Structure formats: structure tokens, C-alpha cells
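Quick notes on the structure that follows.
Quick caveat: nothing in here was measured; it's all calculated off a predicted structure.
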Amino acid sequence: MSALSHGGGRPVRFGWMRPWHPSPLLRPLDRAEAVLRLVVVAAVLLTVPLAWSLGTEVAAADAARIRIERETRTAVQATVVTEPAEVAPYTVRATVRWDESGRSGTAEAAVPRAASAGDRVTLWLDPANRPVLAPRSPDAAPIGGIGTGVLVLSAAAGLGWLLVRAVALLLDRHRYAAWGAAWERSAPRRYRDPPAAV
């Protein structure tokens, strides 16, 4: 018979775990632990609107920054002047020169790994004519918002779980001590005393 079934294979009902259950087998500590679990579940559910709000704010702020990036950054075709060198893992830099649409200059910038001197590469410039990263896709804004919301919910659930586990461990120590004391009071003496040395 499964541990989760009784009498004819019916599943065990977990309603007895609610703190207001009339069972005399539920001690005050058991009821307090059940109340704590309910409070933690309610607190985690209350963080859902907070996570939604924070996620929405992050997405809106990211969308505004991305819009500014897309409006102020300009792509130009630059010529690689020096042989590219790897300055960090997955990062290759070289001196590039551009002269396009009335904008000209020379700077060191990241280039594709396969680039070599004389190749043409796409370079993004800010309003001050400095090389910058390409503007992000508008799709990045909702992804950041969703990530923030999930992080808030995960943190709330994790902290709630840790609190419940810590309290359960403390209550278990108290229960074990109470069971030991009850055993000492009720067990026959021959079971309580250590065996005599031979």
C-alpha cells in the first residue's frame, strides 16, 4: 500500500495539516508551524504584484534607453588599418578609420575575429563621433523586465522556504526533546537504564 493511500487505495487527505483542524493529535507547535507555512505562502503570493510592478518599470526604463540608443547611434563603414589583436578572450581589437557622411576619424575598436588590415567593417558611433556598441534590439526590454519579475518571485519564495525550514528544524528539536522526556516518564525502567557491565 502506498504511503499516500489508505483503506482501499483512497489518497490521504492533507486537510489535517491545517492549523484549525480539531484533531487532538495536533499540538500547539504543530499548529504554529502550519500557521507559519500559510503566512509564508500568502507573503509569496503578495509579492506577485510587486514583481509585476518592478518588471514593468525595468522594461519601460530599458525601452526608453534602447530608443535613445537607436536614435543617437549611427552606423558607418570603417576600414581596418592595423592587424587585429586579441586583447581578451573573444575580444579582437584593431585601429580603424572612417570617413562617411561628413564624419571622419580614427580609433581603436572591436572588430570581427576574421577581419584583417584593409577590410571594411561596420562601426557604430555616438553623437561625439566615438565608437560604441551597436544599439540593442527592442526585444531586450521585455526580457529584462521578465527577468526582474522572476528574480523577485524567486527571492521571495527562497527566503520563505528558508524561514520555514529553519523554524521546522527548531521545532523538530523541541519535539524530539519532548518525546525523549515522555519516553523517560512512561517507559519501563528496564528499557531506560543502560545494561549492567559484565
Side-chain angles (χ1 to χ4, degrees), residues 33-172:
E33 185 176 359
V35 167
L36 173 67
R37 290 176 188 271
L38 290 176
V39 168
V40 167
V41 168
V44 170
L45 290 177
L46 287 175
T47 61
V48 171
L50 173 65
W52 179 270
S53 174
L54 287 175
T56 303
E57 287 182 21
V58 167
D62 273 353
R65 282 192 293 270
I66 290 171
R67 189 169 50 254
I68 292 170
E69 288 177 6
R70 297 181 79 80
E71 290 171 356
T72 59
R73 297 182 182 183
T74 307
V76 296
Q77 290 299 309
T79 303
V80 178
V81 177
T82 61
E83 284 299 326
E86 186 170 356
V87 295
Y90 310 108
T91 303
V92 176
R93 297 181 72 84
T95 301
V96 296
R97 181 179 297 125
W98 64 95
D99 187 2
E100 188 176 302
S101 304
R103 305 180 78 173
S104 61
T106 303
E108 186 178 291
V111 297
R113 181 173 293 278
S116 59
D119 287 352
R120 302 276 286 172
V121 295
T122 301
L123 185 68
W124 287 88
L125 303 173
D126 67 7
N129 213 35
R130 294 174 303 206
V132 291
L133 295 174
R136 292 175 291 163
S137 166
D139 296 337
I143 291 172
I146 291 169
T148 300
V150 169
L151 181 65
V152 170
L153 284 177
S154 300
L159 289 174
W161 181 82
L162 286 175
L163 175 64
V164 167
R165 287 301 304 147
V167 171
L169 289 173
L170 290 173
L171 293 179
D172 283 347

Check whether any side-chain heavy atom of [X] lies under 4.5 Å from a side-chain heavy atom of [Y], and answer yes or no.
| X | Y | answer |
| --- | --- | --- |
| S116 | E83 | yes |
| R65 | I68 | no |
| L153 | V48 | yes |
| V150 | I146 | yes |
| I143 | D62 | no |

With the threshold set at 4.0 Å, does a side-chain nitrogen-carboxylate oxygen contact exist between E33 and R37?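 Salt bridge: yes.
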Any idea which heavy atoms bring [X] and [Y] closest together, and the distance?
| X | Y | value |
| --- | --- | --- |
| T82 | A94 | O-CB, 3.6 Å |
| G160 | V40 | CA-CG1, 3.5 Å |
| W98 | A78 | CB-CB, 4.0 Å |

Given L163 and L36, is the side-chain contact (heavy atoms from CB on, under 4.5 Å) satisfied, shown in steps? CA-CA 9 Å; L163 175 64; L36 173 67; 4.1 Å; yes
For the backbone of P49 and the side chain of S53, can you confirm whether one donor and one acceptor N or O come within less than 3.5 Å of each other?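 A pair under 3.5 Å: no.
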Excluding sequence neighbours, so at least two apart, what forms side-chain hydrogen bond (donor to acceptor under 3.5 Å, both in side chains) with T74?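 T74: side-chain hydrogen bond (donor to acceptor under 3.5 Å, both in side chains) contacts with R103.
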With sequence neighbours left out, write down each residue that passes side-chain hydrogen bond (donor to acceptor under 3.5 Å, both in side chains) with R73, or none if nothing qualifies.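 By the side-chain hydrogen bond (donor to acceptor under 3.5 Å, both in side chains) rule, R73 matches no residue at all.
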Output the distance between atom [atom1] ([X]) and atom [atom2] ([Y]), rounded to the nearest 0.5 Å.
| X | Y | atom1 | atom2 | answer |
| --- | --- | --- | --- | --- |
| S137 | E69 | OG | CD | 11.0 Å |
| T79 | R120 | OG1 | CZ | 4.0 Å |
| E71 | I66 | CD | CD1 | 12.0 Å |

Does a donor on one side chain sit under 3.5 Å from an acceptor on the other, for Q77 and T122? yes
Just wondering, are more than 12 heavy atoms of other shown residues or ligands nearer than 6.0 Å to CG in L133?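 Open.
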For W124, does the CH2 atom sit with more than 12 other heavy atoms under 6.0 Å from it, leaving out its own atoms?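 Enclosed.
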